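Convention: sequence-line order gives letters A, B, ...; per-chain numbering from 1. The analysis underlying the following values was restricted to heavy atoms, covering all of them including side chains, and did not include hydrogens, waters or symmetry mates. In this text the structure is predicted, and so the values were computed from the model without any measurement.
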Number of protein chains: 2
Amino acid sequence: MSTNDTKDRIISAAEKLFAERGFAGTSLRGVTSAAGVNLAAVHYHFGTKDALMQAVFDRRIGPVNKQRLERLDQIEAAAGPDGPDLEEILEAFMSPIMELKRDLEGEGMMWSRFIGRVYTEPVEIVETMIRDHFEEVGRRFVAALATALPDLSESEIAERLLFSIGALSHTLIDLHQIVTPSQGAVQAGAPTLQHLVAFLAAAFRAPSAQPAEAHRETTVTEAVAS
Amino acid sequence: MSTNDTKDRIISAAEKLFAERGFAGTSLRGVTSAAGVNLAAVHYHFGTKDALMQAVFDRRIGPVNKQRLERLDQIEAAAGPDGPDLEEILEAFMSPIMELKRDLEGEGMMWSRFIGRVYTEPVEIVETMIRDHFEEVGRRFVAALATALPDLSESEIAERLLFSIGALSHTLIDLHQIVTPSQGAVQAGAPTLQHLVAFLAAAFRAPSAQPAEAHRETTVTEAVAS
DNA sequence: ACCTGATTCAGACGACTGTTTGAATCGTAC
DNA sequence: GTACGATTCAAACAGTCGTCTGAATCAGGT
């Protein structure tokens with residue numbers, strides 16, 4: 001247990017500091033002293049700072065993306081031949097992040113801020129991590145959105161999903177106290193996931209800007225995941 | 001002239017590197033060697049790294065915000081008693097960044113990426129800079145949007161403007177080759193400012209999520225600028 | 001030619017960076 | 001209790017960081 005204890009304490013402290021100060025702005029000494037462990041423990045358990053970032057990322061992103069896909073499976077199975085509603089799809093994409101946050105309380109409160117920041121980190125290894133993990137999720141959700149919005153080309157959907165991820169990640173960084181209604185009384189003025197979903201759903205329904213037949217072919221994840 | 005020459009070369013090099021690697025990820029030695037000047041020139045002309053960031057920020061944000069307000073003045077003067085269209089307001093907000101970029105070509109190509117990143121920098125001085133410079137712009141645009149969207153409360157508008165800034169900054173960071181149509185042929189698949197404006201205009205028109213009379217009072221810039 | 005203030009220069013300051021070492025300590029199986 | 005692999009420890013590695021110094025170089029006015 002002592003292994004996992006030290007390892008987890010390092011990961012949690014790193015998650016918090018990466019969320020607050022970014023990757024380059026966080027020192028390993030800051031992490032280990034916040035975690036109450038020896039500096040060399042990072043090298044012993046992870047090897048390098050990059051590998052630590054990878055571990056922080058892996059601990060959370062796996063479950064989130066798994067849940068995203070499960071929810072998408074659920075609503076697709078429950079939907080008629082036209083597929084799920086736009087709002088359902090967006091909620092399947094966004095809410096796993098919020099729910100994970102609620103489940104964690106305390107120690108994981110920084111998670112949502114971390115995942116928001118991750119999307120903007122100017123560090124090569126982070127960009128690679130996101131691309132790799134987002135590939136399947138991006139493909140599935142663009143396909144689902146394409147069914148719900150038959151007037152839009154796939155490249156337009158990918159573009160709008162990019163806009164949406166920007167809005168989501170910025171909201172996560174900025175207002176990490178973002179609240180889900182099921183969490184109890186929504187404090188006045190706190191942006192909720194529902195607000196963002198409603199906002200983005202209306203945005204996705206904007207008419208296509210392209211001539212009707214000019215559907216370009218692009219690799220979905222090429223345009224979306226980065 | 002030699003003064004301004006060295007000073008400007010440092011600022012331009014810093015702008016580029018801050019845009020690519022972030023503030024904490026950029027060293028002054030990297031900046032000065034990219035600028036082809038002596039390391040101590042930073043200390044001589046700016047004093048500290050924080051002050052350099054301030055100078056980089058100041059060189060661009062002033063003109064952008066000035067132009068934002070000028071355009072808002074223009075469209076408000078030209079509009080009827082109901083005020084300008086939603087799309088006009090959003091374009092007044094977004095396009096100055098794009099046009100500055102077009103005007104600069106070459107050396108300033110990194111500007112849009114820099115301004116996008118600035119909104120996500122986890123550095124205290126940067127957050128302060130944004131808050132200070134955004135105050136008037138935020139107040140004016142929220143007021144204009146409130147006129148164009150009378151069904152929304154000010155706090156809802158501020159919230160949606162926050163979402164929009166997230167979408168904008170993420171797009172600027174991610175796809176700094178974003179193109180304005182007036183720049184010539186739009187390459188297929190490149191997100192344009194027009195796409196983002198249309199996307200966000202539809203989003204702003206989403207019906208209010210609040211009970212009609214529950215308009216909360218908040219300082220606008222408190223909720224928006226950060 | 002000389003002075004003066006502005007600017008640039010090489011070099012160094014101490015502090016901090018990620019990484020590594022080898023010995024000390026731990027828990028566990030014999 | 002003793003041996004052994006896993007883990008933790010203090011200490012140090014070489015390198016980089018932001019900052020600063022004092023001398024050298026420059027420009028322009030007298």
dG18(D) OP1/OP2 closer than 4.0 Å to side-chain N/O of T48(B)
no
Classify the nucleic acid contact of T26(A) as base, sugar-phosphate or nothing, counting any heavy atom under 4.0 Å across all strands shown.
sugar-phosphate
> Is K7(A) positioned over the aromatic face of Y44(A), cation under 6.0 angstrom from the ring centre and no more than 45 degrees off axis?
Replying inline: no
Of the listed dT21(C), dT19(D), dT19(C), the closest approach to the R29(A) side chain comes from dT19(C)
N38(A) atom CG is separated from dA12(D) atom P, nearest whole Å, by 14 Å
Please confirm whether H133(A) and F57(A) have ring centers closer than 6.0 angstrom. yes
S12(A) side-chain N/O to R9(A) backbone N/O, donor-acceptor pair under 3.5 Å | no
When rounded to whole Å, the CG to C1' distance for the pair L39(B) and dC13(C) reads 13 Å
Out of dT19(D), dT21(C), dA6(D), minimum distance to the side chain of Y44(A) belongs to dA6(D)
Fit a plane to each ring of F134(A) and Y119(A), take the angle between them on a 0 to 90° scale, and name the class: parallel (under 30°), tilted (30 to 60°) or perpendicular (over 60°). perpendicular
Among the nucleotides dG18(D), dT8(C), dG18(C), whichever has the atom closest to the side chain of H45(B) is dT8(C)
To the nearest angstrom, the CG-P distance between D50(A) and dG18(C) comes to 11 Å
- Task: Indicate whether OP1 or OP2 belonging to dC20(D) is found under 4.0 Å from a side-chain N or O atom of H43(B).
- Result: yes
task: Report yes if at least one side-chain N or O of S27(A) is closer than 4.0 Å to OP1 or OP2 of dT17(C); otherwise report no.
output: yes
query: Honestly, is R68(A) close enough over F93(A), meaning NZ or CZ under 6.0 Å from the six-membered ring centre and within 45° of the axis?
result: yes
K49(A) atom NZ is separated from dC16(C) atom C1', nearest whole Å, by 12 Å
M53(A) CE to dG18(C) P, in whole Å, measures 13 Å
Taking for L28(A) and for A40(A) the nucleotide of DNA chain C with the nearest heavy atom, the one nearer the 5' end belongs to L28(A)
F46(B) atom CZ is separated from dC20(D) atom P, nearest whole Å, by 15 Å
